[in-house]
Each structure stands twice: as C-alpha cells, then as structure tokens.
Q: 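The structure follows.
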Amino acid sequence: MAANVAAILKRRSELRAERDQYASLWQEIAEHVIPHKSNIIRLLSPGEKQTRELFDSTAIHGSETLAASIHGTLTPGTQPWLSLKVRQEELNDNGEVKDWLEDCARRIHAALRQSNWTTSVHEMYLDLVGPAGMGCLFVEEKAPPAAGTFGGFRFSTHGPGEYTVSEDAEGRIDTVFREMRLTARAIAMKWPGKGGDKVQEAARNKPEERYTVLHAVYPREDYSASEKKRGSLNMAWASCYLVVETRAKLDEGGFPEHPFMTPRWAKTSGEVYGRGPSHTALPDVKTLNKVKEFLLQAAPLAMFPPTLEADDAVIGEPDLTPAGRNVVNTMGGRSIDELFRFMQTGVKIDVSQIIIGDLRQSIRDMYFSHQLELQDKPAMTATEVQVRYELMQRILGPTLGRLETEFLNPLVERCFALMARAGALLPAPDVLMQQGGEQADLDIQYEGPLARAQRTVELTAQDRVLSFVAALTQAMVAAGVPPTQAAAVWDVLKVDKWLRDRSEITGIRADSLNSVEETTQIRSDRAQAEQQAAQMQQAQQMAEIAQKGAPMLKALHEASTNGGQQPEAA
C-alpha cells in the first residue's frame, strides 16, 4: 500500500505534541550539560556562544567522561567487541562453523572501523547520558561501487528535537519520524525532479533556501512474508521521505530490519522517551551554577571592598592600585581609621568553596566520574584494571542490559543482514545450511573490555579450583596414597572444555585452536603410534630373548638326541 502523505503528516503532529512535553526539560539540561546540543527549542545561530549562561563545567566534563567510557569499554573502535554463536550448541564445536562465525564477526568489525562508526556512536552516547536520556542512530548502506559489491556502512546520529518515536505493545520503539533541514539544492541532487514546483524553483533561484524533509519509518500494516511478493514496497518497515512545506512525496520504500537504533538509559513507566543521569543531576547542576555565579559576583567585593571615607577626608580620588598613595586630612584630631577605611562586606569565600566542593562531588558521583577516571599514578596493575571493570559492571549493569536489548542486538543484526545481502560475507558451511543457513538462530556475544571483564570471573573460579585440586593431589601423595590413585581426582574436571572456555574468554582466535574432531584425531593418532611403538618394543624384546636363548635351546636339543646323556667333560 502506498504511503498516505496526509496520514503521515497528521501522525507527525500527534507525535510532536507528545515530544514537546519533554522539550523544555531537554533544553534546560542541554544548556547546563551539553551546550553544543542546546538547539532543541531555541535555534542557535552559527558561531553563537553556547556557554554564556554557564559558570561551572563539572557536569559537562562528567557527561563527556561517562559517554567516552561507555564507548571505550562497550564498543571500542580499536578492537573486536562482538562474536557470533549458533544457538545449536553442538554446532559451535564444529571447526567450519566456528571459523565462519569468527570470520563474519571480524568482517563486520572491519566494516564498522572503515565507516564513520566511532564519531557517530560517540555522539549518540552523549545524547544517551545527556538531555534526552536516549539516542537515535540511523544505519544504512552507502552506495555500492561500480563493481556492485558492499559499499560499507553509513551512520547518522540525530539529537533531541530532531525525531519523534512511538512504541509497540511490548514497549519496543518501532516508529521513528526524523526531520532534516536540507537546502533546495541538496533536495534536487538527492531526489531529482521531486519535491514540488516550489522546491524545484528554489533549487534554480535560491539554492540555499532550506526546507524540512521528513523521513517516516514505521511497521508496514499489509506486510506479507510471501516469496511471491517481494520488493521495497513489501518490507517489514515502510519508509517515506516527503517535504513538509509542500506536502510532496520524495521517495517511498522499506527496510527488512528497523534501521534506527534508539536505546534509552532508563524509562519511567508510562513514558516513551528515556531519562538519564543528567535528569538526576540537574538540580545539583543548576544549584552549583548559581552558587558559582554568586561567588564570582562576590569575590571582587572580598578582594576590592568598597571604601568608607569621611567628607573631604581624602585629598583627591582614592588610589586603590598596589602601592598607591592616599593623602588624608587629619585636621580636627580625627584618626585615619575614622577618616578612611575599607567596608567589611561579610562575604565568606570559604563557605562558598565548601558548598561548591560538595556540589561538585555530588555531580561527579552521578556521572560515576571517580569510578571511571584513572587515578593519578603511573600505571595500574592488571588486578586494579579488573576491579575497575567489575565496578563499572555493577554500577552500569541495568543500563548495559537495556543497551544490549535496544541497541547492540538490533545493530549487529542490521549490519549482518546488510553485509549478507550484499555478498560481503563468506557462504555459510554446508552443515549450517542444513540447519537453515544464514537464517539459522544466531546469538550475539559481546567481547569488549567490559563484557570480557564480566566473564573473567570464570577464570578466577577456574584458577581457584585448579589450585585446590593440585594441593589435594600433593597432600594425598604425601599421605601415602599411590600417585595413580591420587591423580584420579582430576578425572572430575572437563579439562578440554576448560581450555576452550579460557581461550574464548581471553580472546584467542578460533582458528588458533584445533576443533573437537581434530583434537580427537590427533589423540587417536598419538595413541595408535604409542601402541605401535609398544608392539615394536615388545617384538624387539622377544627377539632379544630368543637370540639369548638360542644356545641353550641348541644344547637341550643335542642332549635330547644323545639319549638324555650329558656330554663328557673335556
């Protein structure tokens, strides 16, 4: 069914009415926490000063540190942070399947690294911890090259006020309307001959005149999964571009997967948009900003207090510069203190500093700054790094769970599907094709520093058990138990599985390990070689025995032929 422009614009108005309830709060948070995103309600002019109302940058630094820490520990651009597994556990031990899954994960990571992923996702994390408590990241494939191969990923981050969303019955965001202010020239280049007569005329005469382009993505009501009904107009999510001012449709199509990633830091029941640490910190941020403003106003009074002068006591104007000279008329027997002195303003700078220090500490705690920042020392030990990651996991645990559900899982699924359709992934192994091929159930595992730190608890448990079993074995031998019987306690442990789990947790490539089949074959060949060696050694021993016993057998044979008489002595 073709998109109905009137229905889309009506729904846009309804979604904007709901979003506008949050806009003033977002604007206030942005002005105090992320000034360069404070154009939600008030349109900033290019080059306009964005921090004119700010007197303290504690919240700005805290939000930037938290966003950078989430990016560096969850989705770093310098190392692989995801891996793929098959839901059928027995297939994960298959060498071909394991190599294919690892190759797919590394190809996806390489494509992310070659795109604008790092800059775009960092901006999204700033939105997540900032005004809206949520982010909006659009994922699409760039135009493929002439060869028709995979063109790579393109990411677009949209800030608060640029989009509206709606949830489905299960609380998942399935509808996104984003708005872009594009010039008439840009519209004419991207959609030649479309946009209406007004836009086409502006492209010729006023190419820099801007128009609002609405991109609406929503579930397609008449979607059919039938193989007979394919094409962009029969995809799970409908997509429509139109010019709001002219109500002209620019393009219509669809997406097999939802192209927008819209994670929320947290969510209040009954609300659609998120809430983040900046919502919690806002009262302290505003108070600190106001206290700092008062202090900056009062500090000059404490450093340069007003003077109290008797009438005609000072000859000329008072000189308040360093080493300045003031001539005082002491006629009448009055003291200099009576004629000229500085006013006691009552400003208590030390009290203001205490209040500011407490507020800064509170704001840093809300952005987890002390847990995320490195301490002032040359280096941290591996244990300290591990403890820091574990602390981050405890602090950000609920948020990380929501990020996996609303951001990482749909992101990887979208990237995998884009590359698979473009032929940028190797063909699936035959054994996997029998289970459904590329449509088989795939699970996503995250291997970033933070995710890996979560699993190192298993390594610690392994180390403790190994140390206990080794000590127990030594104690049994010392107590007189035969070594072979003492070594039997190791039979409880599945050493092979432990080694594979340890290799996976520490990040060793799958192709660096032999598969279960290869390991079984190696052990079988070794056992066969040992058996053959034992048989050869046994045959050699029998030959030596036979060789040494030959003279005796000969003597016995001669004795038997002589009637059992012993030969005479010489």
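Quick caveat: nothing in here was measured; it's all calculated off a predicted structure. By convention here, the first residue in the shown sequence is residue 1.
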Q: What's the separation between atom CD in Glu31 and atom NZ in Lys286, rounded to the nearest 0.5 Å?
A: 10.0 Å

Q: Distance from Thr183 atom OG1 to Arg210 atom CZ, nearest 0.5 Å?
A: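 The OG1 atom of Thr183 sits 6.0 Å away from the CZ atom of Arg210.
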
Q: For residues His258 and Val176, determine if any side-chain heavy atom of one lies less than 4.5 Å from a side-chain heavy atom of the other.
A: yes

Q: Indicate yes or no: at least one non-hydrogen side-chain atom of Cys240 is less than 4.5 angstrom from one of Asp251.
A: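 When only atoms from C-beta onward are counted, Asp251 and Cys240 do not touch, as no gap falls below 4.5 Å.
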
Q: Any side-chain to backbone donor/acceptor pair from Gln27 onto Ile41? Under 3.5 Å, distance only.
A: yes

Q: With the threshold set at 4.0 Å, does a side-chain nitrogen-carboxylate oxygen contact exist between Arg421 and Glu257?
A: yes

Q: Not counting sequence neighbours, which residues clear salt bridge (Lys or Arg N to Asp or Glu O under 4.0 Å) with Glu141? List them please.
A: none

Q: Please walk me through it: do Val165 and Leu15 pass side chain to side chain contact (heavy atoms under 4.5 Å, CB included)?
A: CA-CA 7 Å; Val165 299; Leu15 293 176; over 6 Å; no

Q: Side chains of Arg181 and Thr212 only: does a donor on one sit below 3.5 Å from an acceptor on the other?
A: yes

Q: Could you pull out the closest heavy-atom pair between Gly196 and Ala248, with the gap in Å?
A: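 Between these two residues, the closest heavy atoms are N-CB, 3.9 Å.
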
Q: Within this structure, what is the CD1-CG distance for the pair Ile70 and Leu128, rounded to the nearest 0.5 Å?
A: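 Rounded to the nearest 0.5 Å, the CD1-CG separation comes to 6.0 Å.
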
Q: So does Pro145 get a backbone contact from the side chain of Thr149, meaning a donor-acceptor N/O pair under 3.5 Å?
A: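 No.
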
Q: How far does CG of Leu66 sit from CZ of Arg364, to the nearest 0.5 angstrom?
A: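 The CG atom of Leu66 sits 14.5 Å away from the CZ atom of Arg364.
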
Q: If the threshold is 4.0 Å, N to carboxylate O, is there a salt bridge linking Glu162 and Arg178?
A: no

Q: How many angstroms lie between OG in Ser166 and CZ in Arg11, if you round to the nearest 0.5 Å?
A: 5.0 Å

Q: What heavy-atom pair brings Leu84 and Ala105 nearest, and what distance separates the two atoms?
A: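 Between these two residues, the closest heavy atoms are CD1-N, 4.3 Å.
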
Q: Would Tyr241 and Trp191 count as a close aromatic pair, with their ring centres under 6.0 Å?
A: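 Close enough - the centres of the two rings lie under 6.0 Å apart.
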
Q: For the pair Arg154 (side chain) and Ser115 (backbone), establish whether a donor and an acceptor sit closer than 3.5 Å, ignoring hydrogens and angles.
A: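 Pair absent, no side-chain N/O of Arg154 close to backbone of Ser115.
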
Q: Does any part of the side chain of Ile34, heavy atoms only, come nearer than 4.5 Å to the side chain of Ser63, both counted from C-beta?
A: yes

Q: Of the non-hydrogen atoms in Pro35 and Leu54, which two are nearest, and what is the gap between them?
A: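 It is CG-CD1, 3.6 Å.
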
Q: Under a 4.5 Å cut-off applied to non-hydrogen side-chain atoms, are Glu208 and Arg185 in contact?
A: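 In short, these two side chains touch, coming nearer than 4.5 Å.
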
Q: Indicate the ring-plane relationship of Phe407 and Tyr125, choosing parallel, tilted or perpendicular according to the 30° and 60° boundaries.
A: perpendicular

Q: Begin from the C-alpha positions of Leu137 and Phe260 and carry the test side chain to side chain contact (heavy atoms under 4.5 Å, CB included) through to its verdict.
A: CA-CA 6 Å; Leu137 185 69; Phe260 286 98; over 6 Å; no

Q: For Trp100 and Phe416, take the angle between the two ring planes, folded into 0 to 90°, and tell me which bin it lands in: parallel under 30, tilted 30 to 60, perpendicular over 60.
A: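 Geometry flag for Phe416 against Trp100: perpendicular rings.
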
Q: Could you go through Arg247 and Leu9, starting from their C-alpha distance and side-chain angles, then the distance that decides it, and tell me whether this counts as side chain to side chain contact (heavy atoms under 4.5 Å, CB included)?
A: CA-CA 8 Å; Arg247 304 173 68 91; Leu9 290 176; 3.3 Å; yes

Q: To the nearest 0.5 Å, what is the distance between CE on Met180 and OG on Ser156?
A: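 Going from the CE atom of Met180 to the OG atom of Ser156 covers 8.5 Å.
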
Q: Could you check whether Tyr211 and Thr246, counting side-chain N and O atoms only, form a donor-acceptor pair closer than 3.5 Å?
A: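 No, no side-chain donor-acceptor contact under 3.5 Å.
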
Q: Looking at Gly171, is its backbone amide N or carbonyl O close enough to the side chain of Asp168 to form a donor-acceptor pair, meaning the two atoms are under 3.5 Å apart?
A: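 Indeed, once roles are kept as given, a pair shorter than 3.5 Å links the two residues.
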
Q: Salt bridge or not between Arg264 and Glu406? Use side-chain N to carboxylate O under 4.0 Å.
A: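 The answer is yes: the pair qualifies as a salt bridge.
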
Q: If you define the side chain from C-beta out and look only at heavy atoms, does anything of Glu18 sit under 4.5 Å from Glu14?
A: no

Q: Taking Asp174's backbone N and O only, do any of them form a donor-acceptor pair with Trp237's side chain (distance below 3.5 Å, no angle check)?
A: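 Yes; judged by distance alone, with no hydrogens or angles, the pair exists.
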
Q: Do side-chain atoms of Thr119 reach the backbone of Asn116 as a donor and acceptor pair under 3.5 angstrom?
A: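 Between the backbone of Asn116 and the side chain of Thr119 there is a qualifying donor-acceptor contact (under 3.5 Å).
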
Q: Can His71 and Thr75 be counted as having a side-chain donor-acceptor contact under 3.5 angstrom?
A: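 Thr75 and His71 do have a side-chain donor-acceptor pair below 3.5 Å.
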
Q: Please name the pair of heavy atoms, one in Ile40 and one in Ala30, separated by the smallest distance, quoted to 0.1 Å.
A: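 For Ile40 versus Ala30, the nearest heavy atoms are CD1-CB, 4.3 Å.
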
Q: Any side-chain heavy atom of Trp117 sitting closer than 4.5 Å to one from Leu411?
A: yes

Q: State whether the side chain of Thr164 and the backbone N or O of Arg16 hold a donor-acceptor pair below 3.5 Å, judged by distance alone.
A: no

Q: Any salt bridge between Arg19 and Glu179, counting N to O under 4.0 Å?
A: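 No salt bridge links Arg19 with Glu179.
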
Q: Given the rule in the salt bridge (charged side-chain N to carboxylate O under 4.0 Å, His left out) test, do Glu102 and Arg106 qualify, once you have shown the distances and angles that lead to the verdict?
A: CA-CA 6 Å; Glu102 182 167 308; Arg106 292 188 177 276; 3.6 Å; yes

Q: Just wondering, do Leu82 and Ile108 contact through their side chains at under 4.5 Å, heavy atoms?
A: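 They are in contact (side-chain heavy atoms under 4.5 Å apart), so the answer is yes.
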
Q: Is the ring pair His215/Phe138 parallel, tilted or perpendicular, if the boundaries are 30 and 60 degrees?
A: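 Ring orientation, 0 to 90° scale: perpendicular.
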
Q: I want to check something: taking the side chain as every heavy atom from C-beta on, are Thr175 and Val217 in contact at a cut-off of under 4.5 Å?
A: no

Q: Tell me whether Asp443 is salt-bridged to Arg87, with the criterion being a basic N under 4.0 Å from an acidic carboxylate O.
A: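 Arg87 and Asp443: salt-bridged.
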
Q: Would you check if the side chain of Asp284 reaches a backbone N or O of Ile363 as a donor-acceptor pair within less than 3.5 Å?
A: no

Q: Are Lys267 and Glu271 within salt-bridge range, i.e. N to O under 4.0 Å?
A: no

Q: Looking only at side chains, do Gln361 and Asp365 share a donor and an acceptor under 3.5 Å apart?
A: yes

Q: Can you give me the closest heavy-atom contact between Gly72 and Pro76, atom names plus distance?
A: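 Here Gly72 and Pro76 meet closest at O-CB, 3.5 Å.
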
Q: Checking the side chain of Asn289 only, and the main-chain atoms of Phe55 only, is there a donor and an acceptor separated by less than 3.5 Å?
A: yes

Q: Hey, are Arg360 and Asp56 close enough for a salt bridge, meaning a charged N less than 4.0 Å from a carboxylate O?
A: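 So Arg360 pairs with Asp56 through a salt bridge.
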
Q: Hey, can you tell me if Phe155 and Phe153 have their rings parallel, tilted or perpendicular (30° and 60° cut-offs)?
A: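 Judged by the thresholds at 30° and 60°, the geometry between Phe155 and Phe153 is tilted.
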
Q: Looking at Lys290 and Glu293, does any basic side-chain N land under 4.0 Å from a carboxylate oxygen?
A: yes

Q: Kindly indicate, with the supporting measurements, whether the criterion side chain to side chain contact (heavy atoms under 4.5 Å, CB included) is fulfilled by Arg172 and Glu167.
A: CA-CA 5 Å; Arg172 297 173 301 188; Glu167 292 180 335; over 6 Å; no

Q: If you compare all heavy atoms of Asp127 against all heavy atoms of Gly135, which two are closest, and at what distance to 0.1 Å?
A: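 Heavy atoms only, the tightest pair is CB-CA, 4.3 Å.
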
Q: With a 3.5 Å distance limit and no angle check, can you tell me whether Arg220 reaches the backbone of Leu233 through a side-chain donor-acceptor pair?
A: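 Yes, because the side chain of Arg220 sits within donor-acceptor range (under 3.5 Å) of the backbone of Leu233.
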
Q: Before accepting this row, confirm whether a basic side-chain N of the pair Asp103/Arg107 lies closer than 4.0 Å to the acidic partner's carboxylate O.
A: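 Yes, charged N to carboxylate O under 4.0 Å.
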
